[in-house]
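Excluded from the calculations below are hydrogen atoms, water molecules and symmetry mates; all remaining heavy atoms, backbone and side chain alike, are included. Bear in mind that the values here come from a model prediction, so they are computed numbers and not experimental data.
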Amino acid sequence: MLHAHYGPQHWWPGNSPFEMMVGAILTQNTAWTNVEYAIKNLKTNHCLTPQKILNVDIADLAMWLKPSGYFNVKAKRLRNFCQWLVNAGGFDAVSQVETNTLRKQLLSINGVGPETADDILLYAFDRPVFVIDAYTRRLFSRLQLLDANEGYEHLRHQFEKNLGANAPLFNEYHALIVIHSKQSCTKKPCCSNCCLTSVCPSRSL
DNA sequence: TACCAGGAGAAAA
DNA sequence: TTTTCTCATGGT
């Protein structure tokens, strides 16, 4: 239904796998529009590579990340991630690592939690891992298809079990949830159970 | 002016 | 082990 309404999204917003990974870290608890300003600053300062992020002064890095909020925290997290990527041999080497092993490695990085790790796995490494974010919880909770308080891993396994291991499908599915939620966020629920979608009997898109 | 937005880690209970 | 607190900017 969402695909028919919005069309294919071909996500994630980013021109390279590394830019996608940087975006996944910077978007933590932050609106994407603010992340775009920070990524633009990195590009303007020719700093959108792991090596340059590791070599630049941390104060400068934090200053460039300022628009994305939590800039001091995110500067450290981005550095931690880049250090891991370089130590692991770079993107091509990491691409060869089996999905579950790679997920564990990502989760071992200070500053990379389940959602950020799964964003990176799905969108940068094209792995069949479903991303459970605030939009997913909100939408499916309103549809009464899940309990928003359920643990991250439980929800992820539920989606993966029901959809099958299909990275392109997960990519499109999550992108549509996000694009729909962003467009719906300006709408007020029509009732206490409103899901803000056309499946809600009281609403039409 | 107040609230919200694609988390995660540390500290406290 | 679980809950609470902290990090922070830009848009509405």
Side-chain angles (χ1 to χ4, degrees), chain A residues 2 6 9-14 17 19-42 44-45 58-85 103-125 127 129-143 146-156 159-160 167 170-189 194-197:
Chain A
L2 291 174
Y6 294 108
Q9 300 302 306
H10 305 298
W11 240 36
W12 162 294
E19 187 176 330
M20 291 177 186
M21 294 186 261
V22 170
I25 292 168
L26 297 186
T27 198
Q28 291 171 356
N29 206 31
T30 301
W32 182 256
T33 49
N34 292 355
V35 175
E36 287 181 323
Y37 294 131
I39 290 178
K40 186 180 177 185
N41 286 340
L42 291 175
T44 301
N45 289 281
I58 190 83
D60 288 336
L61 182 59
M63 185 177 66
W64 298 333
L65 300 185
K66 205 164 188 175
S68 70
Y70 308 119
F71 51 88
N72 289 314
V73 171
K74 287 178 179 175
K76 291 177 189 168
R77 289 179 180 177
L78 192 53
R79 275 217 166 162
N80 290 340
F81 173 76
C82 289
Q83 190 65 67
W84 166 80
L85 188 60
R103 190 168 192 272
K104 285 177 186 170
Q105 289 183 15
L106 286 166
L107 290 173
S108 72
I109 303 167
N110 189 300
V112 176
E115 186 186 327
T116 306
D118 292 342
D119 274 335
I120 292 170
L121 285 167
L122 178 59
Y123 292 104
F125 290 102
R127 304 300 175 90
V129 176
F130 198 87
V131 178
I132 305 295
D133 60 9
Y135 288 145
T136 308
R137 286 181 187 272
R138 191 184 313 151
L139 177 62
F140 283 83
S141 173
R142 281 178 175 161
L143 287 168
L146 60 77
D147 177 359
N149 296 316
E150 273 289 356
Y152 185 96
E153 293 303 319
H154 173 78
L155 293 177
R156 182 171 73 88
F159 275 92
E160 291 177 2
F170 290 178
N171 181 318
E172 197 64 29
Y173 205 123
H174 179 239
L176 286 165
I177 290 170
V178 173
I179 198 76
H180 170 69
S181 299
K182 281 182 175 177
Q183 295 196 11
S184 301
C185 69
T186 56
K187 301 173 185 174
K188 291 180 179 176
C194 182
C195 54
L196 293 167
T197 74

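- Taking NZ of K76(A) as the start and CD1 of I58(A) as the end, the distance is 7.5 Å to the nearest 0.5 Å.
- Of the side-chain N and O atoms in R138(A), one or more sit less than 4.0 angstrom from OP1 or OP2 of dA5(B).
- As rounded to whole Å, 6 Å separates atom C1' of dC7(C) from atom OH of Y70(A).
- Between N34(A) and dA8(C) there is no side-chain N or O to OP1 or OP2 distance below 4.0 Å.
- The side chain of N72(A) lies closest to dA8(C), out of dA8(B), dA5(B), dA8(C).
- At whole-Å resolution of the value, CD in E36(A) and P in dG11(C) are 11 Å apart.
- Side-chain polar atoms of H174(A) and D119(A) form no donor-acceptor pair below 3.5 angstrom.
- With DNA chain B read from its 5' end, the first of the two nearest nucleotides for L107(A) and D133(A) is the one closest to D133(A).
- For the pair Y37(A) and dG11(C), the criterion of a side-chain N or O lying under 4.0 Å from OP1 or OP2 is met.
- When only modelled atom types and interatomic distance are considered, N41(A) and T44(A) share no side-chain donor-acceptor pair under 3.5 Å.
- Residue N29(A) has no polar side-chain atom (N or O) positioned under 4.0 Å from OP1 or OP2 of dT6(C).
- With P as the reference atom, dA11(B) and dA8(C) are 15 Å apart, rounded to whole Å.
- Closest contact between the side chain of E115(A) and the listed nucleotides dA8(B), dT9(C), dG9(B) involves dA8(B).
- Atom pair N80(A):CG and dA10(B):P shows a separation of 10 Å (rounding to whole Å applied).
- Interatomic distance, CE of M21(A) versus OG1 of T116(A), reported as 13.0 Å (0.5 Å rounding).
- Between K74(A) atom NZ and dC7(C) atom C1' there is a gap of 9 Å when expressed in whole angstrom units.
- Checking dC7(C), dG7(B), dG10(C) against every side-chain atom of Q28(A), the shortest atom distance belongs to dG7(B).
- Residue T116(A) places at least one side-chain N or O closer than 4.0 Å to OP1 or OP2 of dA8(B).
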